[in-house]
Enquirer: 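Let me begin by handing over the structure; questions about it come next.
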Amino acid sequence: MFCQSSDELNELVIEAKKCVKHGKVADYIPELGKANPNELSIAIYYPNGNCISAGDIERKITLQSISKVISLALVLMDRGTDYVFKHVGMEPTGDPFNSIARLEMMDVAKPLNPMINAGALSVTHMIQGEDVKERLQRLLTLIQTMTNNFEINYNENVAQSEFDTAYLNRSLAYFLKQHRIIDEDIEQLLDLYTKQCAIEMNCLDLARIGLVFAMDGIDPDNGKHILPADVARICKTFMVTCGMYNASGEFAIKIGIPAKSGVSGGIMGAVPGKFGIGIFGPSLDQKGNSIAGIKLLELLSKNYRLSMF
Ligand code: GLU
């Protein structure tokens with residue numbers, strides 16, 4: 001039986017919070033540096049609509065890398081798997097999320113997977129639409145449908161702050177343009193990518209996205225497919241193999257659920273067939289994952305046997 005009460009969850013949050021002091025808030029995007037490292041919140045969303053939560057559940061967070069899973073789902077629906085995987089690979093990497101090293105070592109400079117920044121830039125490039133506004137709106141509409149919250153938008157300050165300082169992502173994008181993986185204007189791509197990463201929501205919304213993935217793409221309210229089951233399956237597989245950066249192997253062993261983290265301190269988890277999880281804890285470990293968020297998932301996984309393996 002899984003945790004059914006917010007009180008039970010609260011006790012685990014108090015325990016997990018003890019480790020926030022060992023981490024650090026991301027500040028390479030200046031706006032993210034303003035987060036309070038001591039925060040930790042979690043929401044769990046069940047298919048019957050029940051939710052339990054602990055911590056400041058109203059707090060909005062930007063998706064950052066979590067958005068990469070949803071942009072992948074959108075381009076898989078837009079373009080089909082063959083086209084998408086001609087432009088981005090399927091293999092995990094032991095390198096950090098923003099590394100440029102592998103691109104130069106490959107025969108074809110195709111990014112290894114859609115969860116590292118090079119791969120995510122190539123995925124964002126594939127989002128269809130007339131201009132940045134329409135492409136962003138298409139992604140927002142998918143996210144609004146998955147959360148059933150049509151107010152969701154992006155945070156302009158965070159987007160601008162990243163756009164102004166995204167030197168490394170610009171380098172990755174120019175490298176990919178040189179090798180014809182990307183063929184659009186790089187400033188335009190960075191405009192879309194930084195807005196995508198700055199899409200914001202609270203933990204409950206995040207947990208509902210996790211639930212849609214957990215239920216093979218089905219909307220828990222009306223039973224209709226928001227994503228085809230195959231698209232949800234591919235996204236969940238990437239969450240297992242590459243969702244937690246270059247800590248994905250350890251995460252699979254210790255926790256064992258599909259999950260995706262972002263440098264804002266968010267983690268979206270999908271426990272197949274059971275529920276979705278949204279976590280916010282901005283103090284990050286050395287690999288860029290929420291340090292208390294991982295601890296909390298470890299406690300949950302151990303107490304309630306969540307591992308799929
Ligand atoms: N917007 C961030 C970047 O591209 C996302 C990285 C992340 O969350 O891992 O640097």
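The analysis underlying the following values was restricted to heavy atoms, covering all of them including side chains, and did not include hydrogens, waters or symmetry mates.
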Enquirer: Would you confirm whether S53, through its side chain, and A43, through its main-chain N or O, come within 3.5 Å as a donor-acceptor pair?
Expert: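 Flag not set: sc S53 to bb A43 has no pair under 3.5 Å.
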Enquirer: Quick one: pull up CD in E184 and CG in L189 and give me the separation to the nearest 0.5 Å.
Expert: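 Going from CD on E184 over to CG on L189, the span is 4.5 Å.
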Enquirer: CZ/R233 to CG/L76 distance, rounded to the nearest 0.5 angstrom?
Expert: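 Spacing of CZ (R233) from CG (L76) equals 10.0 Å.
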Enquirer: Does the side chain of Y45 reach to within under 4.5 Å of the side chain of N50, using non-hydrogen atoms?
Expert: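 In short, these two side chains do not touch, never coming nearer than 4.5 Å.
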Enquirer: Flag the pair K236 and D216 as a salt bridge only when some basic side-chain nitrogen lies within less than 4.0 angstrom of an acidic carboxylate oxygen.
Expert: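 Salt bridge: yes.
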Enquirer: Is D219 salt-bridged to R208, going by a charged N under 4.0 Å from an acidic O?
Expert: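 Result for this pair is yes, salt bridge flagged.
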Enquirer: Could you walk me through whether L172 and N169 pass the side-chain contact (heavy atoms from CB on, under 4.5 Å) check?
Expert: CA-CA 5 Å; L172 292 168; N169 282 333; 3.7 Å; yes
Enquirer: So which heavy atom on A35 is nearest to which on V25, and how close?
Expert: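 Smallest heavy-atom distance, with atoms named: O-CG2, 3.9 Å.
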Enquirer: Show the numbers, then the answer: is there a side-chain contact (heavy atoms from CB on, under 4.5 Å) between L140 and I152?
Expert: CA-CA 7 Å; L140 274 170; I152 282 176; 4.2 Å; yes
Enquirer: Salt-bridge test for D185 and K177: reply yes if a basic N is under 4.0 Å from a carboxylate O, no otherwise.
Expert: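 Between K177 and D185 there is no salt bridge, as every charged N stays at least 4.0 Å from the carboxylate O atoms.
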Enquirer: Between Q188 and Y193, do the side chains contain a donor N or O and an acceptor N or O under 3.5 Å apart?
Expert: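 No pair is found: no donor N or O on one side chain lies under 3.5 Å from an acceptor on the other.
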Enquirer: Regarding H22 and D285, is there a side-chain donor-to-acceptor distance under 3.5 Å anywhere?
Expert: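 Absent: no donor and acceptor within the cut-off.
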Enquirer: More than 12 heavy atoms of other residues, nucleotides or ligands under 6.0 Å from CD of E151: yes or no?
Expert: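 Atom CD in E151 is not crowded, with 12 or fewer foreign heavy atoms closer than 6.0 Å.
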Enquirer: What are the two closest heavy atoms between L121 and A173, and how far apart are they?
Expert: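 Heavy-atom minimum between the residues: CD1-N, 4.2 Å.
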Enquirer: Any donor and acceptor pair, going by atom type alone, linking the side chain of S122 with main-chain N or O of A118 inside 3.5 Å?
Expert: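 No, S122 side chain to A118 backbone: no donor-acceptor pair under 3.5 Å.
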Enquirer: Would you name the heavy atoms of C19 and A292 that are closest together and state the gap between them?
Expert: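 Heavy-atom minimum between the residues: SG-CA, 3.6 Å.
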Enquirer: Are V240 and F251 close enough that some pair of their side-chain heavy atoms sits under 4.5 Å apart?
Expert: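 Side chain of V240 against side chain of F251, heavy atoms only: no contact under 4.5 Å found.
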Enquirer: List the atom of G217, the atom of A232, and the distance in Å for their closest heavy-atom pair.
Expert: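 Reported closest heavy-atom pair: N-CB, 3.7 Å.
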Enquirer: In this structure, would F150 and M201 fall into the same cluster of hydrophobic residues linked by side-chain contacts under 4.5 Å?
Expert: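 Looking at the clustering, M201 is in a separate group from F150.
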Enquirer: Charged N to carboxylate O below 4.0 Å: is that the case for D82 and K86?
Expert: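 So D82 does not pair with K86 through a salt bridge.
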Enquirer: Verify, without hydrogens or angle tests, whether R135 (side chain) and I127 (backbone) share a donor-acceptor contact under 3.5 angstrom.
Expert: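 Present.
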Enquirer: How far does CZ of F280 sit from CG of L40, to the nearest 0.5 angstrom?
Expert: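 Result: 9.5 Å between the selected atoms.
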Enquirer: Check whether L72 and L74 end up in the same hydrophobic cluster, where Ile, Leu, Val, Met, Phe, Trp and Tyr are linked by side-chain heavy atoms less than 4.5 Å apart.
Expert: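 Both belong to a single hydrophobic cluster.
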Enquirer: Can the positive tip of R170 be found less than 6.0 Å from the middle of the six-membered ring of F163, inside 45° of the ring normal?
Expert: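 Output yes; distance and angle both within limits.
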Enquirer: Please check if L192 and L63 belong to a single hydrophobic cluster, counting links between Ile, Leu, Val, Met, Phe, Trp and Tyr side chain heavy atoms closer than 4.5 Å.
Expert: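 The answer is yes; both residues are in one hydrophobic cluster.
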Enquirer: Compare all side-chain heavy atoms of R59 with those of C203 and state whether any distance is below 4.5 angstrom.
Expert: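 Result no, sub-4.5 Å side-chain heavy-atom pair not found.
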Enquirer: Could you pull out the closest heavy-atom pair between V20 and S283, with the gap in Å?
Expert: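 In this case the closest contact between V20 and S283 is O-OG, 2.7 Å.
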Enquirer: Show the atom names and distances, to 0.1 Å, of all donor-acceptor pairs under 3.5 Å that link a side chain in residues 258-265 to residues at least two apart or in another chain.
Expert:
from, atom 1, to, atom 2, distance (Å)
K260, NZ, G243, O, 2.9
S261, OG, N289, OD1, 2.5
S264, OG, T62, O, 2.6

Enquirer: Are V123 and I234 in one and the same hydrophobic cluster, where Ile, Leu, Val, Met, Phe, Trp and Tyr link if side-chain heavy atoms are under 4.5 Å apart?
Expert: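 Result: yes, single cluster for both.
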Enquirer: Of the non-hydrogen atoms in I267 and I66, which two are nearest, and what is the gap between them?
Expert: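 It is N-CD1, 3.9 Å.
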Enquirer: Does any part of the side chain of L142, heavy atoms only, come nearer than 4.5 Å to the side chain of M77, both counted from C-beta?
Expert: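 In short, these two side chains touch, coming nearer than 4.5 Å.
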Enquirer: Is there a side-chain contact (heavy atoms from CB on, under 4.5 Å) between C51 and Y46 once you walk through the steps?
Expert: CA-CA 6 Å; C51 299; Y46 292 98; over 6 Å; no
Enquirer: Less than 4.0 angstrom from a charged side-chain N to a carboxylate O is my criterion; do K60 and D205 meet it?
Expert: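 Judged by the 4.0 Å cut-off on N to carboxylate O distance, K60 and D205 do not form a salt bridge.
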Enquirer: May I ask you to check whether over 12 heavy atoms, not counting those of E156, lie within 6.0 Å of atom CD?
Expert: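 Atom CD in E156 is not packed in, count stays at 12 or less.
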Enquirer: Give a yes or no on whether Q137 atom CD has more than 12 heavy-atom contacts from other residues, nucleotides or ligands under 6.0 Å away.
Expert: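 Check passes, neighbour count above 12.
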Enquirer: Look up atom NZ in K17 and atom CD1 in I291, then write down how far apart they are to the nearest 0.5 Å.
Expert: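 If I round to the nearest 0.5 Å, the distance is 14.5 Å.
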Enquirer: Do D221 and K224 meet the salt-bridge criterion of a basic N to acidic O distance under 4.0 Å?
Expert: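 No salt bridge links K224 with D221.
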Enquirer: Apply the test side-chain contact (heavy atoms from CB on, under 4.5 Å) to residues I257 and I277: give CA-CA distance (whole Å), side-chain angles for both, the deciding distance (0.1 Å), then the verdict.
Expert: CA-CA 10 Å; I257 62 165; I277 305 175; 4.1 Å; yes
Enquirer: Taking the side chain as everything from C-beta on, heavy atoms only, tell me whether R79 gets closer than 4.5 Å to Q128.
Expert: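 Yes, their side chains come closer than 4.5 Å.
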Enquirer: Does any donor atom in the side chain of S65 or K68 lie under 3.5 Å from an acceptor atom in the other side chain?
Expert: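 A pair is found: one side chain offers a donor N or O, the other an acceptor, under 3.5 Å apart.
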Enquirer: Does one hydrophobic cluster hold both V271 and V13, with members joined at side-chain heavy-atom distances below 4.5 Å?
Expert: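 Cluster IDs for V271 and V13 match.
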Enquirer: Does any part of the side chain of I70, heavy atoms only, come nearer than 4.5 Å to the side chain of I209, both counted from C-beta?
Expert: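 Sidechains of I70 and I209: in contact.
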Enquirer: Donor-acceptor pair, S248 side chain versus Y245 backbone, under 3.5 Å?
Expert: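 Yes.
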Enquirer: Can you tell me if N155 and E200 form a side-chain donor-acceptor pair at under 3.5 Å?
Expert: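 The answer is yes; a qualifying pair exists.
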Enquirer: I want to check something: taking the side chain as every heavy atom from C-beta on, are S71 and Q196 in contact at a cut-off of under 4.5 Å?
Expert: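 Side-chain contact under 4.5 Å: yes.
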Enquirer: For E11, I'd like to know if atom CD has over 12 heavy atoms of other residues, nucleotides or ligands within 6.0 Å.
Expert: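 No - once you tally the heavy atoms of other residues, nucleotides and ligands closer than 6.0 Å, there are 12 at most.
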Enquirer: What distance separates L296 CG from S301 OG, expressed to the nearest 0.5 Å?
Expert: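 If we round to the nearest 0.5 Å, L296:CG and S301:OG are 11.0 Å apart.
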Enquirer: When you measure from the side chain of S41 to the backbone of G55, do you find a donor-acceptor pair of N or O atoms at a distance under 3.5 Å?
Expert: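 No; zero donor-acceptor contacts below 3.5 Å.
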Enquirer: Check for a donor-acceptor pair, side chain of D131 on one end and backbone N or O of E134 on the other, with a separation under 3.5 Å.
Expert: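 Yes; judged by distance alone, with no hydrogens or angles, the pair exists.
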Enquirer: Quick one: do E162 and K195 make a salt bridge, cutoff under 4.0 Å?
Expert: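 Not counted as a salt bridge, because no side-chain N and carboxylate O are separated by less than 4.0 Å.
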Enquirer: I need the D164 CG to I29 CD1 distance, nearest 0.5 Å.
Expert: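 If we round to the nearest 0.5 Å, D164:CG and I29:CD1 are 11.5 Å apart.
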Enquirer: Are V88 and I181 packed together at the side-chain level, in the sense that at least one heavy-atom pair is separated by less than 4.5 angstrom?
Expert: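 V88 does not reach I181 side chain to side chain.
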